[in-house]
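Take a look at this one; I'll ask things after.
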Protein chains: 2
Amino acid sequence: MTAAANQSGRRPTTSRRLERAGIRDVAAAAGVSITTVSDALNGKGRLPDETRSRVREVAERLGYRPSAAARTLRTGRSGLIGLTVTTYGEEPFTFTEFAYFAEMARAATSAALGRGYALVVLPASSRHDVWGNIALDGTVVIDPPDQDPLVSELYRSGVPVVSDGKPGNCPVTAWVDNDHEAAVLGILDHLSEAGARRIGLLTGTSTDTYTRLSTEAYLGWCAKVGQEPVYEAYPAHDPAAGAVAADRLLARPDRPDAVYGLFDPNGTDLLAAARRYGLRVPDDLLLVCCSESDVYATTEPPITTLSLKPRRIGTTVVNLLIDAIEGVDSGTGVDIARLFPPRFRTAGTGPPPGTLMPTELIVRASSQRRSPRTTVNPPRPPGEV
Amino acid sequence: MTAAANQSGRRPTTSRRLERAGIRDVAAAAGVSITTVSDALNGKGRLPDETRSRVREVAERLGYRPSAAARTLRTGRSGLIGLTVTTYGEEPFTFTEFAYFAEMARAATSAALGRGYALVVLPASSRHDVWGNIALDGTVVIDPPDQDPLVSELYRSGVPVVSDGKPGNCPVTAWVDNDHEAAVLGILDHLSEAGARRIGLLTGTSTDTYTRLSTEAYLGWCAKVGQEPVYEAYPAHDPAAGAVAADRLLARPDRPDAVYGLFDPNGTDLLAAARRYGLRVPDDLLLVCCSESDVYATTEPPITTLSLKPRRIGTTVVNLLIDAIEGVDSGTGVDIARLFPPRFRTAGTGPPPGTLMPTELIVRASSQRRSPRTTVNPPRPPGEV
DNA sequence: CACTCTTGGAGAAACGTATCTCCAAGGGCT
DNA sequence: AGCCCTTGGAGATACGTTTCTCCAAGAGTG
């Protein structure tokens with residue numbers, strides 16, 4: 001059998017190989033043509049069931065596995081989706097650092113696998129060495145900074161890009177984000193209703209969309225209700241800096257009586273800082289932070305958190321991306337991205353479609369004052385919602 | 001320029017394409033052959049620097065990006081490494097669930113990228129749909145169960161496999177693991193020295209190597225020192241089950257006065273259970289658990305943890321794998337895997353090379369008794385180390 | 001001058017698949 | 001009988017690289 005396969009297969013110069021069986025070997029062993037094998041295995045063409053099953057059996061017997069590389073080259077599709085992970089500093093990658101990224105990545109992986117795609121973890125740095133060597137059908141970009149050159153180049157080269165986080169100034173196929181403004185305003189309202197008179201913010205120094213939008217929403221709210229902004233910013237990727245910033249915030253002469261921390265560890269940081277200054281939570285200080293971690297359910301006291309629902313985001317991002325990938329070529333055979341090149345698309349058809357997803361405020365003890373100090377004159381005028 | 005490129009390129013039937021520039025286009029535009037372009041861009045062949053830089057410039061101008069699929073097909077190398085993630089139940093994946101996996105995956109990703117490879121996240125289930133469609137140069141398998149069919153098939157098909165966790169009964173190229181036996185014995189000794197008379201174990205019901213080796217080490221130690229084993233097992237992937245098992249363990253009539261929990265959340269679980277039963281830690285109950293999380297540094301009291309140093313593991317696993325990948329073809333051109341097919345290799349050259357890596361015990365308050373109940377008659381005979 | 005060696009580079013053969021085109025044979029219909 | 005339509009399948013091409021082989025022209029050397 002094997003000898004026959006080797007003999008009848010047309011291998012011109014190189015005499016004999018003991019490599020894995022190729023489609024040619026299967027064809028020879030089954031006594032049919034390559035076309036028939038391909039059609040039989042892929043369920044295409046018009047073949048009687050008998051031929052189909054016979055070919056399949058032979059392929060199974062030879063342990064035939066189609067070459068993914070050849071298939072990719074031929075079809076132009078690899079079944080691979082890039083997942084950029086933000087890389088602070090040099091080597092460490094944040095896709096497991098924060099619970100948000102971890103959950104999001106997990107949901108994205110799951111959604112992709114469910115549709116037959118696999119995720120490739122890639123750094124956000126634009127080193128071509130790695131990016132250029134991988135055939136990607138599309139890419140998920142997590143929270144791209146303004147004018148990300150990597151995103152621009154990907155989009156320019158025709159790879160669909162869907163971002164988690166509204167992109168600042170770079171073109172993407174689509175984007176998904178939370179309604180950060182609504183979330184922050186909701187928290188500020190919540191704190192006001194709990195009796196807060198002066199709400200502080202613990203924010204970051206980076207320019208990512210989340211930080212920017214949240215901070216802007218805070219400042220806008222302050223302007224609207226007439227409160228002087230009280231905030232401290234620190235590099236969010238530095239775990240030690242958060243504690244210092246929390247300390248700074250509570251050490252200010254205009255110390256806030258409520259604080260919202262934008263980053264996951266801020267709850268712990270603020271709690272520790274409050275303890276250090278002898279402030280009781282929630283009696284002297286109301287606390288809310290944005291986190292996906294459930295440790296805040298068991299802290300003393302439990303801390304109110306804002307969940308961005310990263311799993312929903314991850315799932316949505318991947319599904320949007322795969323829709324774009326499969327919509328391009330599968331339908332009419334018309335390549336949309338080519339009909340509307342990036343430069344025309346950005347200017348012509350307007351901004352890329354974005355989806356805003358709701359957040360969820362998990363109210364715990366840290367933001368509920370048992371004996372509210374005041375029930376009149378809430379900081380925010382009741383007329384405005 | 002572009003017109004000339006299109007004209008001189010030999011595109012037979014299909015008239016004109018607006019696709020991405022290929023190597024042919026670059027060759028035509030630069031007035032050289034395809035060979036020269038390939039050599040110039042890849043730094044091979046004998047070319048004067050002038051030609052090299054000219055070709056590079058033309059390629060840059062045309063925005064040429066080599067097709068990863070074609071390169072993979074030709075060279076047989078994709079630059080892709082599979083990372084299997086254990087998938088308990090259906091969809092959820094554990095590569096971010098536990099801090100150990102998260103850290104390990106992060107380190108592995110980083111190490112791979114540093115050597116020009118990217119990681120593809122793949123489920124441990126042997127669904128061919130995804131696995132078969134991806135050209136992998138090798139695979140990292142996290143803690144394969146005994147006789148994992150996936151690993152066997154991968155290995156059989158010639159893909160190098162390196163596992164994190166000593167493989168039970170399936171052939172791998174190499175493996176890396178902690179010295180779990182030594183780690184457990186070290187902890188039991190540590191607890192004994194702190195005054196423990198009866199040490200309990202919180203373990204899992206699954207058959208992975210870690211659980212098995214650790215449990216066996218515990219049982220062996222018990223037999224040696226003459227203590228009756230006191231342990232409870234539960235399905236480790238169920239977060240709720242841990243708390244129940246911890247409760248069961250402390251509710252037993254032969255309640256231990258020290259417990260080692262094999263899984264990350266066990267520290268919290270045990271602490272809560274101890275509180276429920278009015279047991280003070282460490283006065284009434286000594287506690288150690290295996291965890292990579294630093295939350296145990298701030299619990300009340302801080303809990304002694306065993307760190308498996310997952311980053312070291314991840315880095316080592318990936319480096320071993322890439323060594324195997326590049327050693328096969330790069331050196332003499334001799335394909336080792338073909339010279340020694342799996343069946344000969346397993347029987348002939350003995351078990352695959354394994355590396356044992358040390359763990360680290362981070363001693364905190366939970367395992368140090370302030371006033372030891374007894375200083376005489378430590379449970380373990382001093383003669384044996 | 002005849003020769004070898006080096007330099008610079010061109011040609012063409014794979015890699016393994018998917019798919020487009022085309023063909024032969026048979027069967028039914030007018 | 002002539003024609004068309006369906007079935008079953010073969011041939012050939014293209015996907016875009018890398019790389020092996022080979023060649024021409026100069027440059028040194030006896």
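A, B, ... follow the sequence lines: proteins, then strands. Residue 1 opens every chain. Bear in mind that the values here come from a model prediction, so they are computed numbers and not experimental data.
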Just by modelled atom types, is the A/Asp148 backbone N or O under 3.5 Å from a matching donor or acceptor in the A/Ser152 side chain? yes
What is the distance, rounded to the nearest whole Å, between atom CG of B/Asp25 and atom P of D/dT17? 9 Å
Picking from C/dG16, D/dG16, C/dG8, the nucleotide nearest the side-chain atoms of A/Arg74 would be C/dG16
Look only at the side chain of A/Thr51 and the backbone of A/Leu47, and say whether a donor-acceptor pair between them is shorter than 3.5 Å. no
Rounded to whole Å, how long is the line connecting atom CG of A/Asp49 with atom P of D/dT7? 13 Å
For C/dA18, does OP1 or OP2 lie under 4.0 Å from any side-chain N or O of A/Arg77? no
d(CG, A/Asn42; P, C/dT17) in whole Å: 10 Å
For A/Thr35 and for B/Ser33, find the nucleotide of DNA chain C with the closest heavy atom, then tell me which residue's nucleotide is more 5'. B/Ser33
What is the separation between atom CD1 on A/Ile34 and atom P on D/dG11, rounded to the nearest whole Å? 10 Å
Shortest side-chain distance from A/Ser67, nucleotide among C/dT17, D/dT17, D/dG9: C/dT17
Where each residue is assigned the nucleotide of DNA chain C containing its nearest heavy atom, which of A/Arg71 and B/Val32 is assigned the position nearer the 5′ end? B/Val32
Under 4.0 Å between a Lys/Arg side-chain N and an Asp/Glu carboxylate O for A/Glu326 and A/Arg115? yes
As a test of reading the structure: which of D/dG16, D/dG9, C/dT17 is closest to the side chain of A/Pro48, going by heavy atoms? D/dG9
Is a donor on one side and an acceptor on the other found under 3.5 Å between the side chain of B/Ser78 and the backbone of B/Leu80? yes
Rounded to whole Å, the CZ-C1' distance (A/Arg46 to D/dA10) equals 12 Å
Side-chain N or O of A/Ser38 versus OP1/OP2 of C/dA18: is the shortest distance under 4.0 Å? yes
Integer-rounded Å distance: C/dA18 C1' and A/Leu47 CG: 14 Å
Looking across every strand, which nucleic acid part, if any, lies under 4.0 Å from A/Leu73 by heavy atom: base, sugar-phosphate, or nothing? base
A/Arg54 side chain vs A/Ala30 backbone, donor-acceptor pair below 3.5 Å: yes
For the helix from C/dC1-D/dG30 to C/dT30-D/dA1, measure the angle between the helix axis at one end and the axis at the other, each built from five pairs, rounding to 10°. 60°
Check whether any side-chain N or O of A/Arg56 sits under 3.5 Å from a backbone N or O of A/Ala40 as a donor-acceptor pair, and report yes or no. yes
Residues B/Arg65 and A/Glu153 bridged, charged N to O under 4.0 Å: yes
Would you confirm whether A/Ser157, through its side chain, and A/Leu154, through its main-chain N or O, come within 3.5 Å as a donor-acceptor pair? yes
Ignoring backbone atoms, test whether A/Lys44 places a side-chain nitrogen or oxygen under 4.0 Å from the OP1 or OP2 oxygen of C/dA18. no
A/Ile134 CD1 to D/dG16 P, in whole Å, measures 19 Å
Does B/Asp39 reach a base, just sugar-phosphate, or nothing at all? Heavy atoms under 4.0 Å. base
With heavy atoms under 4.0 Å as the rule, sort B/Thr72 into base, sugar-phosphate or nothing. nothing
What is the distance, rounded to the nearest whole Å, between atom CZ of A/Arg20 and atom C1' of C/dC15? 12 Å
